[in-house]
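Reading through the C-alpha cells given below for one structure.
Since the structure is predicted, the reported quantities are computational estimates derived from the model, not experimental observations.
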Amino acid sequence: MKKIWSPQAQSLIRPYRRSIVKITLLGITAAFVEAAFLIIFFLAIQLLLNGRISISKLEWSVESSPESMAAMGGLLLLAGVLRFLITMSFERKVAGLSGGALANLQAESMKAHLEAGLPTFWKHKGGELQFHINNLPGRAREFVQNVPTLISSLVMIAMVSLFLGALSWKLFLAALVVGGLYGIFLQAVSHHVYYLACGRFDELGKKLAEISHEALAGIRQVKVFQSENRWTGSFRKVADEHAQEFARHRWWTILPQRCLDLAMVIIFAAGLFAFAWSRQNPEQLLASSVFITFVVGVLRLAPYLVQAGRSYGQLSSALPSVEAYYNHLDHLAKEPDRGVELPFRAGDRVRVDLQGVSFGYRMGIDVLKDVSITLEPKSVTALVGLSGSGKSTLVDLILGLVEPRRGEILCNDRNVREIRKQEWLKGVSLSSQDTFLFHDTIENNLRVAAGSISREEVMKACRLAGVTEFVRVLPNGLDSMVGDRGLTLSGGQRQRLALARALLKPAEVLILDEPTSALDPRIEEAVYRDLWPILKERTTLIIAHNLSAIQRADRIYVLMDGAIQQAGTHGELISEEGVYRDLFRSQSRAAPSSHSQQTEIAASSA
C-alpha cells in the first residue's frame with residue numbers, strides 16, 4: 001500500500017481530494033444501508049424458520065403472520081431500492097470525476113509540451129511525445145477513479161464484516177483466515193503482475209505510437225522507397241509483443257476474481273447442506289438461520305471483495321503510468337518566465353544586435369562561431385549562405401527558442417535574456433521555410449497570427465503575399481480547407497500563405513526564412529516588389545538562397561561555415577572578390593533569362 005501512495009500519486013490525487021471525499025461519503029452511506037439490509041434479512045429468516053422474532057434485551061418479539069412477513073418484505077425492498085439509488089449516484093459521480101481528471105491531465109500535458117523548450121523536441125520522437133499527451137493521461141485517470149471505489153469497497157467490507165462477526169464470531173474467524181490468505185495472494189499478484197507487467201505494457205505501447213507516427217509522417221518517403229514491408233514488419237513485431245503482454249496481464253488480472261468465485265461456490269454449497277441438515281433437526285433452526293444469514297452476507301460481500309481487489313490491482317497497474325506522467329512533466333518543466341517587458345511599443349524603432357554569438361547542438365561543436373550582425377530599424381537586412389551554414393539556427397536564437405553558449409543578443413540595448421520570453425515572441429513574426437498549416441480553412445490559418453483582425457486586413461495580406469492569385473480560383477475561396485498540414489496546396493501556395501500569416505502579426509521585428517524558395521522567379525519577383533515597402537516599415541531580416549530576391553536589402557551578411565565572411569550592400573559585395581560574388585555569378589549563369597535584370601539592379605545599387 002505504501003508503494004501505491006508514491007509522491008507522484010499524491011500529486012495526482014491532491015486536486016481531487018474534496019470530490020473524492022464527497023463520493024466516498026456516498027459509498028459509506030451505501031455500506032450502512034447494506035448492513036441494515038442484512039439485519040432485516042436475518043430477522044426475516046428467523047421469522048420464517050422459527051415463526052417468531054424475539055430480542056430478550058429489548059423485551060421485544062414479533063409472531064409470524066402475513067402482516068409481519070409483508071412488513072419484512074417491504075423493509076427489504078426499501079433497503080434494496082435505497083441501496084440501488086445510492087450506488088447509481090456513486091457510479092455517476094465516479095464517472096464524472098474520471099472524465100474531468102482525464103480532461104485536466106491531457107490539457108496539463110498539452111500545455112507543458114507546448115511551453116517546453118525547443119531542445120526537448122530534438123531529444124524525443126514525435127510518437128513518444130504524442131503517447132505522453134494522449135495515452136498516459138488515460139492510464140493515470142484510472143488511478144483517480146479507483147481511489148474512491150477502493151475506499152468505499154473497504155468501508156463496505158468493514159461494515160458487513162462487523163455484522164457477520166456479531167452474528168457468529170466462530171464463522172467470522174474462519175472467514176477472516178480465508179480472507180487474509182486471499183489478501184496476501186492479491187498483494188503478491190498486484191506487485192509482481194500489475195506493477196511490473198503494466199510498466200512493460202506501457203513501454204510497448206509507446207513504441208507502437210512512435211513507429212506509427214514516423215511511418216505516417218513520412219508516408220511520401222515510405223511509398224517512394226517502397227519500404228512499406230519494413231515498417232509493417234517493425235510494427236507487427238512490437239504489436240505481437242504487446243499482444244502477448246496483454247494476454248499475460250489479463251490472465252493474471254482475472255485469476256484472483258476466479259479464485260474468489262470458486263470460494264463463494266464452496267460457501268454457498270456448504271450453506272445448502274447446513275440448511276438441509278437443519279430441516280431434519282428442529283432444535284437447530286436458530287443456528288441454521290444464523291448460518292444462512294452468514295452465507296447470504298458473505299455472498300453479498302463477495303462483489304465488494306472482487307471490486308476491492310480489482311480496484312487495488314488497477315491502482316497498482318496505473319501507478320507506472322502516473323509516475324511516468326509526472327516524471328515526464330518534471331522533465332518538461334521550464335524555468336519561470338521572469339524578466340522585463342518589451343523595450344519598445346507598437347510603431348517604435350527597434351534595433352536588434354547579435355554580438356559575438358556562438359551556439360552548438362553538441363558540446364564542443366559550434367554551429368555558429370562568434371557571429372555579430374545588426375538589424376537596423378525600418379530597414380531590410382539579408383542573410384545569405386549555403387545550406388548547413390547555420391542560417392536557420394540563427395533564426396531560433398533571435399526568436400529566443402534557444403540561447404547562445406557565448407555572446408549576447410540585444411534589443412534596443414536590452415539583453416533578450418532579460419525580457420520575458422512570451423513578451424519577446426509577441427514582438428517577433430516569422431515565415432519559415434518549413435511551412436506548417438493546420439487542418440482548417442485558409443482564413444482560419446491566417447487568423448492564427450492575431451486575435452482580432454478584420455477581413456480587409458486579411459485580404460490585404462493575401463494580396464501582398466500573392467495568395468489572392470490562387471485563392472480566387474478555389475470553389476470556396478478563403479473558406480477552402482487546406483487538408484492535413486496543407487497537403488491540398490502546392491509548396492509555393494503554402495509558402496505564400498505562411499508569408500501572409502507572418503505579415504498579419506502586429507510585430508515590429510519580421511523574420512523571413514526562405515519565404516519564397518518554392519516559388520518560380522517570376523512570382524517571387526512580383527511578391528517582393530509588392531512587399532518591399534511593407535518590409536521597410538519594420539525591422540526585417542530575410543534569409544534567402546536566391547540572391548536576386550535580396551539585392552534591394554540595406555545590408556547583406558554572408559554566413560559560411562557558421563561565421564560571417566562578408567557584409568555590405570549588394571553593390572559593394574558584387575564589386576569585390578568573395579563568396580557573395582561567386583554565388584551571384586553561379587546563379588546568373590544558371591538563370592540567364594534573369595541575368596540582364598540582375599545586372600541592372602546591381603548597377604543601380606552600386
Is [X] salt-bridged to [Y], cutoff N-O under 4.0 Å?
X      : Y      : result
Arg139 : Glu142 : yes
Glu537 : Lys378 : no
Arg455 : Glu443 : yes
Asp554 : Lys536 : yes
Lys426 : Glu423 : yes
Asp366 : Arg406 : yes

Do [X] and [Y] have side chains that get closer than 4.5 Å, going by heavy atoms?
X      : Y      : answer
Arg414 : Ile419 : yes
Leu354 : Leu394 : yes
Cys462 : Val471 : no
Ile409 : Leu397 : yes
Thr539 : Leu510 : no
Ile564 : Ile373 : yes
Glu108 : Tyr325 : yes
Val428 : Ile511 : yes

Between the main-chain N or O of [Y] and the side-chain N or O of [X], is there a donor-acceptor pair closer than 3.5 Å?
X      : Y      : result
Lys391 : Leu386 : yes
Trp424 : Ile398 : yes
Asp353 : Leu410 : no
Asn104 : Gly100 : yes
Arg141 : Leu105 : no
Arg447 : Ile453 : yes
Asn415 : Arg417 : yes
Thr540 : Val380 : no
Gln106 : Ala103 : no
Tyr557 : Thr374 : yes

Between atom [atom1] of [X] and atom [atom2] of [Y], what is the distance when rounded to the nearest 0.5 Å?
X      : Y      : atom1 : atom2 : answer
Met459 : Leu446 : CE    : CG    : 10.0 Å
Leu383 : Leu541 : CG    : CG    : 6.0 Å
Ile556 : Thr381 : CD1   : OG1   : 10.0 Å
Leu503 : Leu499 : CG    : CG    : 5.0 Å
Glu403 : Asp396 : CD    : CG    : 12.5 Å
Leu489 : Leu474 : CG    : CG    : 7.5 Å

Report task. Any chance you could lay out the side chain to side chain contact (heavy atoms under 4.5 Å, CB included) test for Val238 and Ile211, step after step, and finish with the verdict? Result -> CA-CA 9 Å; Val238 179; Ile211 294 172; 3.8 Å; yes
Of the non-hydrogen atoms in [X] and [Y], which two are nearest, and what is the gap between them?
X      : Y      : value
Leu208 : Ala239 : CD2-N, 3.7 Å
Ala112 : Leu329 : CB-CD2, 3.6 Å
Pro377 : Arg351 : CD-CB, 4.0 Å
Leu12  : Tyr326 : CA-OH, 3.2 Å
Val371 : Gly562 : CG2-O, 3.5 Å
Ala507 : Ser429 : CB-N, 3.7 Å

Counting only heavy atoms not in [X], do more than 12 fall under 6.0 Å of its [atom1]?
X      : atom1 : answer
Arg236 : CZ    : no
Glu577 : CD    : no
Gln565 : CD    : yes
Asp413 : CG    : no
Asp561 : CG    : no

Query raised in the report: Taking the six-membered ring for Trp, is the centroid-to-centroid distance between His328 and His113 below 6.0 Å?
Result: yes
Quick one about [Y] and [X] (side-chain donor to acceptor, distance below 3.5 Å, no hydrogens or angles considered), yes or no?
X      : Y      : result
Ser454 : Glu457 : yes
Asn229 : Thr232 : no
Glu514 : Gln495 : no
Tyr361 : Thr393 : yes
Asp513 : Ser431 : no

Requested in this report: Please report the C-alpha distance between Arg555 and Glu376 in whole Å, then the side-chain angles of each, then the deciding distance to 0.1 Å, and finally whether the salt bridge (Lys or Arg N to Asp or Glu O under 4.0 Å) criterion is met.
Outcome: CA-CA 9 Å; Arg555 191 162 184 80; Glu376 295 288 352; over 6 Å; no
Requested in this report: Taking side-chain contact (heavy atoms from CB on, under 4.5 Å) as the test, write out the residues that go with Asn134, two or more places apart.
Outcome: Gln130
Report task. Kindly write out the residues that satisfy side-chain hydrogen bond (donor to acceptor under 3.5 Å, both in side chains) with Lys237, not counting sequence neighbours, or none if the list is empty. Result -> none
Requested in this report: Determine, step by step, whether Asp479 and Ile442 satisfy the side chain to side chain contact (heavy atoms under 4.5 Å, CB included) criterion, reporting the C-alpha distance in whole Å, the side-chain angles of both residues, the deciding distance to 0.1 Å, and the verdict.
Outcome: CA-CA 6 Å; Asp479 294 324; Ile442 291 176; over 6 Å; no
Report summary line: Those residues at least two apart in sequence (or on a different chain) that pass ring-ring contact (aromatic ring centres under 6.0 Å, His included) with Tyr580 are His570
Requested in this report: Could you walk me through whether Leu559 and Ser389 pass the side chain to side chain contact (heavy atoms under 4.5 Å, CB included) test, one step at a time?
Outcome: CA-CA 6 Å; Leu559 184 67; Ser389 59; 4.2 Å; yes
Query raised in the report: Where do Glu508 and Arg349 land on the side chain to side chain contact (heavy atoms under 4.5 Å, CB included) test, with the steps shown first?
Result: CA-CA 8 Å; Glu508 297 305 314; Arg349 296 172 62 85; over 6 Å; no
